[in-house]
Protein chains: 2
Amino acid sequence: MDGQPAQDPATAARREVGLLLRRLTVELDAVSSRFALAHGLNRTDVRALVAVMDAARRGEALSAGGLGAAVDLRSASVTALVDRLERVGHLRRVRDPGDRRRVTLEMSESATAAGAEHFGGLARDLVEAMRDYSDDEIAVVARFLTDMTEVAARHARAAE
Amino acid sequence: MDGQPAQDPATAARREVGLLLRRLTVELDAVSSRFALAHGLNRTDVRALVAVMDAARRGEALSAGGLGAAVDLRSASVTALVDRLERVGHLRRVRDPGDRRRVTLEMSESATAAGAEHFGGLARDLVEAMRDYSDDEIAVVARFLTDMTEVAARHARAAE
DNA sequence: GGCGATAGTCTCGATCTTCGAGAGATCAGG
DNA sequence: CCTGATCTCTCGAAGATCGAGACTATCGCC
């Protein structure tokens with residue numbers, strides 16, 4: 001994430017936090033890899049399933065187009081992707097009754113269970129590990145994550 | 001990251017932090033996507049360049065095999081990957097003089113500059129945003145990231 | 001100091017993924 | 001109703017990944 005000149009200790013500590021953050025993302029990515037390996041899926045397919053799970057968690061039904069936006073694939077690739085996931089029984093296509101051009105995607109019971117098992121277990125253990133922190137500390141962490149997300153989002157979308 | 005039953009406020013706050021963490025990883029991923037788009041690379045290629053950069057930052061020279069381990073590709077795919085990146089001038093193959101079976105990978109000046117511009121800018125702004133936090137708060141965050149990484153690593157590698 | 005076993009990379013052909021272009025169906029607004 | 005826009009799908013081409021096997025270099029052992 002960097003490799004800059006040495007500076008004062010305060011800056012060094014903050015730069016170190018940047019590296020810790022990067023290391024964490026690497027490990028979280030590895031958790032997904034493991035899920036992929038366990039279920040014979042590729043990276044994209046896992047990203048797609050997670051996107052559908054995320055949408056489901058917040059009560060939205062994801063459409064094919066929405067999935068494409070989430071995983072950054074063109075429509076032809078989304079069709080192929082959903083074909084794959086439907087073929088192995090992880091996803092169902094359901095025509096949207098409100099707009100019959102759309103296809104909404106639903107996870108199968110088995111895929112939901114597998115996802116809950118794998119990622120739910122991680123979430124549980126993360127929450128468990130957070131019990132070592134006071135409520136004030138958790139509040140600091142929440143603020144930190146929000147702020148860093150804001151910075152990252154700015155870099156992700158806008159010009160430099 | 002979950003979708004569990006409602007519980008006490010303390011648990012809810014910690015679960016919320018899990019979601020914030022996930023949102024942050026999504027945005028950080030989007031930063032990579034933007035780099036990919038800007039340079040006509042695919043996801044894997046960016047991951048590979050970042051792996052080489054990371055290795056360089058900590059003073060190690062990454063070999064072809066090491067890169068394969070880092071991005072989880074078989075040797076044939078690594079050859080193709082390095083071919084691509086070498087063809088567009090981002091990478092150089094250098095025969096390791098110490099072990100002439102190995103090929104070590106070096107980033108070109110232009111790729112190094114592009115990486116520094118893109119990811120270095122992010123790192124700079126992240127560190128900048130961290131100035132809103134006291135040293136004690138940064139220490140809490142560092143501990144938090146370390147602990148979460150440990151949990152994630154356990155899930156990434158071992159049995160459940 | 002030579003010989004077999006091992007390790008690191010590459011080549012080749014097969015398979016899987018992604019894409020652009022365009023077709024077909026559905027919707028929204030006049 | 002038309003017309004233009006939106007959503008998904010089909011098709012064929014290009015790109016990415018892989019397993020098997022070749023080739024070279026190294027290491028351990030005698």
Side-chain angles (χ1 to χ4, degrees), chain A residues 29 32-52 55 60-106, chain B residues 29 32-52 55 60-106:
Chain A
D29 195 71
S32 288
S33 286
R34 194 164 113 81
F35 184 79
L37 182 65
H39 293 85
L41 301 171
N42 60 35
R43 281 184 114 57
T44 301
D45 294 3
V46 174
R47 272 164 52 89
L49 281 180
V50 170
V52 176
E60 306 167 9
L62 200 58
S63 69
L67 177 59
V71 300
D72 194 33
L73 285 181
R74 310 302 131 234
S75 106
S77 310
V78 173
T79 298
L81 163 63
V82 174
D83 282 350
R84 289 197 296 276
L85 291 176
E86 196 172 34
R87 192 172 332 118
V88 297
H90 288 337
L91 236 48
R92 267 188 308 274
R93 272 186 241 245
V94 179
R95 204 99 228 169
D96 182 342
D99 181 345
R100 298 178 27 72
R101 290 169 303 180
R102 290 176 180 243
V103 166
T104 65
L105 305 170
E106 294 179 359
Chain B
D29 195 72
S32 288
S33 285
R34 193 163 114 81
F35 184 78
L37 181 64
H39 293 85
L41 301 171
N42 62 36
R43 281 187 116 57
T44 301
D45 293 4
V46 174
R47 271 163 54 87
L49 282 180
V50 169
V52 175
E60 305 167 9
L62 200 59
S63 69
L67 177 59
V71 300
D72 193 34
L73 286 181
R74 309 304 130 232
S75 111
S77 309
V78 173
T79 298
L81 163 62
V82 175
D83 282 350
R84 289 198 295 275
L85 291 176
E86 197 172 33
R87 192 175 329 120
V88 297
H90 289 335
L91 235 50
R92 266 188 307 274
R93 272 184 240 245
V94 180
R95 204 98 227 167
D96 183 341
D99 181 344
R100 299 178 26 71
R101 290 168 303 181
R102 290 175 180 240
V103 166
T104 65
L105 305 170
E106 294 179 0

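Chain naming here is simple, since letters A, B, ... match the order of the sequence lines and numbering starts at 1 in each. Everything numeric in this text was worked out from a predicted model, so none of it was measured.
- We find the CG-NE2 distance between A:L49 and A:H39 to be 9.0 Å, quoted to the nearest 0.5 Å.
- Note: CG (B:L73) to P (C:dT9) measures 14 Å, nearest angstrom.
- Nearest-nucleotide assignment on DNA chain C puts the 5′-proximal partner with B:G66, out of B:G66 and A:A76.
- Chain B approaches DNA chain D within less than 4.0 angstrom (heavy atoms of the protein), and the contacting nucleotides run 5' to 3' from D:dA16 to D:dT26.
- Across all strands, A:A64 comes closer than 4.0 Å only to sugar-phosphate atoms, never to a base (heavy-atom distances).
- Atom-to-atom, CZ of A:R100 to P of C:dA28 comes out at 13 Å; the value is rounded to the nearest Å.
- Heavy atoms of B:L81 sit nowhere under 4.0 angstrom from any nucleic acid atom.
- Panel note: side chain B:T104, backbone B:D96; no donor-acceptor pair is recorded below 3.5 Å.
- Checked against C:dT6, C:dC12, C:dT9, the side chain of B:R101 finds its nearest nucleotide in C:dT6.
- From B:L37, atom CG reaches atom CG of A:D72 across 8.0 Å, with rounding to the nearest 0.5 Å.
- Put simply, the side chain of A:R95 gets close to the backbone of A:R100: a donor and an acceptor are under 3.5 Å apart.
- Looking at B:L41 and B:H90, their side chains come closer than 4.5 Å, going by heavy atoms from C-beta outward.
- At whole-Å resolution of the value, CZ in A:R95 and P in C:dG24 are 15 Å apart.
- Taking 4.0 angstrom as the limit, B:N42 places none of its side-chain polar atoms (N or O) nearer than this to OP1 or OP2 of C:dT18.
- With DNA chain D read from its 5' end, the first of the two nearest nucleotides for B:S75 and B:P97 is the one closest to B:S75.
- Take the nearest nucleotide of DNA chain C for A:S77 and for B:T79: the residue whose nucleotide is more 5' is B:T79.
- Not a single donor-acceptor pair under 3.5 Å links the side chain of A:R93 to the backbone N or O of A:V103.
- Between B:R84 atom CZ and C:dC10 atom C1' the separation is 15 Å, expressed in whole Å.
- Protein atom CZ of B:R74 is 15 Å distant from nucleotide atom P of C:dG8, rounded to whole Å.
- Contacts of B:R93 with the nucleic acid, taken as non-hydrogen atoms under 4.0 Å apart, involve only primed sugar atoms and P, OP1 or OP2.
- Look at B:D29 and B:R43 and you find a salt bridge, because one of the NZ, NE, NH1 or NH2 atoms lies within 4.0 Å of a carboxylate O, short of that distance.
- To the nearest angstrom, C1' of C:dT18 lies 12 Å from CG of A:D45.
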